[in-house]
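Below, chain A is the first sequence line, B the second, and so on; all start at residue 1. Computed over heavy atoms, backbone and side chain alike; hydrogens, waters and symmetry mates excluded.
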Amino acid sequence: MTKVVTRFAPSPTGFLHIGGARTALFNWLYARRHGGTFLLRIEDTDRERSTETAVTAIIDGLRWLGLKWDGDAISQFARVQRHREVAESLIASGGAYRCYASPEELDEMRQQARAEGRPMRYDGRWRDRDPSEAPPGVKPVIRLRAKQEGETIIDDKVQGRVALANKDLDDLVLLRSDGTPTYMLAVVVDDHDMGVTHIIRGDDHLTNAARQLQIYQALGWEAPVMAHIPLIHGPDGSKLSKRHGALGVEAYREMGYLPAALRNYLVRLGWSHGDKEFFSTEEMMEDFDLAAIGRSPSRFDFAKLENMNGHYMRATTDAELLATLIESLPYLPGGPELGRRLDPAGRAKLAAALPGLKERAKTLVELVDGAGYLFSARPLQLDERAREIVAQGGRAHIAALLPRLAAIGEWTSPAIEAAVRDYAGESGAKLGQIAQPLRAALTGRATSPGIFDVLAVLGREESLGRLSDCARAA
RNA sequence: GCGCCCAUCGUCUAGCGGUCCAGGACGUCGCCCUUUCACGGCGGAGACACGGGUUCGAUUCCCGUUGGGCGCGCCA
């Protein structure tokens, strides 16, 4: 059995979007699953639209997601010489021919086709014409001499057996008049030269697959196994657009998602393994297979991603989560500000507060948010509503808590919770419910009535300034 | 328009002819926990697009309809 080789082949015309990320994930998993190789090829033959920025974005995205490819990324553009040679060899073998039809002629064909209500098909006018008849000064393209009878069959691992009539597949251009290869030629040649055994890609390429198969046949090469996976749609079922989730993966990093959570969410989009929802990387590699990929498109659902991310955060050890959080700070809203507070003392405070914080956060962004109270300036400002409530008075048993709180000094959530627990032992009050509003009160971001209640007590029994001093001091 | 693909709760999905008055997860609703929020626990509502076949029997097989998607470039 030959070794499995998969590849991810994005064109660098934008960021790495979520569909591409999943395609990459599937290829990566499949290769790892079978002890094979996962390659990265940048399809940059379109010089107009390809940018260096996009290449960087894609590479960063893959790295962040933890999808490591083997060897160096291959630039398709760097291989034009080889593509040209293959095209020429096809002419020599009779599998292709030069076509001198002008853009105007093709345009006519297109318009006529439209008028007659049929798809545009090149009419093969140069298929059997002698090159000596070539009009002067016209640079030809090279076209595949495609079979016109019968059908081309794609034996797809996901879509099953798909047959396309050859009459619907015209003589596609292999080499442009400027000597650069088209996508069709380039993929085939590169996949062959790279030894790719399995092509896993979006099913928007399904029809292309038939055309590519024809090229493989003309070349006498063995075609790789193909698996065309359904696309990911937006929440309304239409094509994923910017207003949906068609963001670059870096956007997900900025939204505070963990790579492991995103991977888990993505692998379950279009693929399943019974009722299992959570997969460690090892389990994914173990269980992943093409046969279990569904054939219907799926929609992207942020709510589920967020829930899953929450699970991953809670399951991450505090030390690891702290490291991840600190690493991610530059990308998170409010992150850099928090980062500036993290001198050794600040860092210790954050570390101590993390266990309480992560219980309540679904994303790293929420974690940053929640950590705000640790560093907000004292004394805190009370808003109108809070003042009102302070004036009305509050609950006695929290008031009784204050001396203890004043004594601890360390305003981290475990410290607060420990004090509350200590107090709760006598009063019967449960913990956690008190600690959180205290924390919120100290940030001045109090929003719920319960929090106002606490503020009220604080305001009456002790001055906020005094509390702040306690917080700062010890 | 032509070709191809798809169709189970709002969403992701399990189901590969009888075990399904359809299972899980997210979301949602209610209760519990709790003087907030979150976590957690318990429970509820919620789907086989429609119409024909095939079969003793269809969510599962076939055909059509409807609805989505993709492709139809000297873009990838």
Can A:E277 and A:R268 be counted as an ion pair, charged N to O under 4.0 angstrom? yes
I'd like the C1' distance from B:U60 over to B:U8, given in whole Å. 11 Å
Distance check, C1' atoms only: B:C9 and B:C4, in whole angstrom units. 29 Å
Among residues at least two apart in sequence or on other chains, which ones pass side chain to side chain donor-acceptor pair (under 3.5 Å) with [X]?
| X | value |
| --- | --- |
| A:K276 | A:E283 |
| A:D287 | none |
| A:Y97 | A:D171 |
| A:D191 | A:R7, A:R41 |

Taking only residues two or more places apart in sequence or in another chain, which ones pass ring pair (Phe, Tyr, Trp, His ring centres under 6.0 Å) with [X]?
| X | value |
| --- | --- |
| A:Y183 | A:H205 |
| A:F26 | A:F288 |
| A:Y257 | none |

Nearest-angstrom distance from the residue atom [atom1] of [X] to [atom2] of [N]:
| X | N | atom1 | atom2 | value |
| --- | --- | --- | --- | --- |
| A:R211 | B:C74 | CZ | C1' | 14 Å |
| A:K358 | B:C37 | NZ | C1' | 18 Å |
| A:D170 | B:C72 | CG | P | 11 Å |
| A:H233 | B:G67 | NE2 | C1' | 13 Å |
| A:D203 | B:G3 | CG | C1' | 14 Å |
| A:M184 | B:C72 | CE | C1' | 10 Å |
| A:Q214 | B:G71 | CD | C1' | 14 Å |
| A:L169 | B:C4 | CG | C1' | 11 Å |

Establish, with yes or no, whether the OP1 or OP2 oxygen of B:C6 is under 4.0 angstrom from a side-chain nitrogen or oxygen of A:R295. yes
With a 4.0 Å limit, can you tell me whether A:N307 has a side-chain N or O closer than that to the phosphate oxygens OP1/OP2 of B:G27? yes
Strand contacts (RNA chain B) in residues 138-160 of chain A, 4.0 angstrom heavy-atom criterion: A:V141, A:R143, A:Q159
Using a strict heavy-atom distance below 4.0 Å, which residues from residues 313-322 of chain A are in contact with RNA chain B? A:R314
Kindly say whether, by distance alone, the side chain of A:R360 makes a donor-acceptor pair under 3.5 Å with the base of B:C39? no
Look at the side chain of A:D44 and the base of B:A76, then say whether one donor and one acceptor between them are separated by less than 3.5 Å. no
With the side chain counted from C-beta on, respond yes when A:Y265 and A:D301 share a heavy-atom pair under 4.5 Å apart, and no when they do not. yes
Student check: side-chain heavy atoms of A:D46 and A:T13 closer than 4.5 Å: no
If you look at every strand shown and take non-hydrogen atoms under 4.0 Å, does [X] touch a base, only sugar-phosphate, or nothing?
| X | result |
| --- | --- |
| A:K362 | sugar-phosphate |
| A:T45 | sugar-phosphate |
| A:S177 | base |
| A:H205 | base |
| A:D178 | nothing |

Can you list every salt bridge (Lys or Arg N to Asp or Glu O under 4.0 Å) pair that touches residues 75-86 of chain A, not counting sequence neighbours? A:R79-A:D190, A:R79-A:D193, A:R82-A:D193
Ignoring hydrogens and angles, state whether a donor on the side chain of A:N309 or A:T363 is under 3.5 Å from an acceptor on the partner side chain. no
Please determine, for the side chain of A:A303, which listed nucleotide (B:A76, B:G27, B:C39) has the closest atom? B:G27
Nearest to the side chain of A:L206 - B:C39, B:C4, B:A76? B:C4
So with a 6.0 Å cut-off around CZ of A:R161, is the heavy-atom count from everything else above 12? no
The residue, A:T207 or A:R161, whose nearest nucleotide of RNA chain B is more 5′ is A:R161
Identify each atom pair where a protein N or O and an N or O of nucleotides 10-16 of chain B are less than 3.5 Å apart, giving names and distance.
| from | atom 1 | to | atom 2 | distance (Å) |
| --- | --- | --- | --- | --- |
| B:C12 | OP1 | A:R299 | N | 2.9 |
| B:C12 | O2' | A:R268 | O | 2.9 |
| B:C12 | O2 | A:K304 | NZ | 3.4 |
| B:U13 | OP1 | A:G270 | N | 2.4 |
| B:U13 | O3' | A:S272 | OG | 3.1 |
| B:A14 | OP1 | A:S272 | OG | 2.7 |

Base, backbone or nothing for each nucleotide of nucleotides 43-50 of chain B, written B, S, -, heavy atoms under 4.0 angstrom, 5' to 3'? --------
Checking side-chain contact (heavy atoms from CB on, under 4.5 Å) against A:W271, which of A:D289, A:I229, A:V158 comes through? A:D289
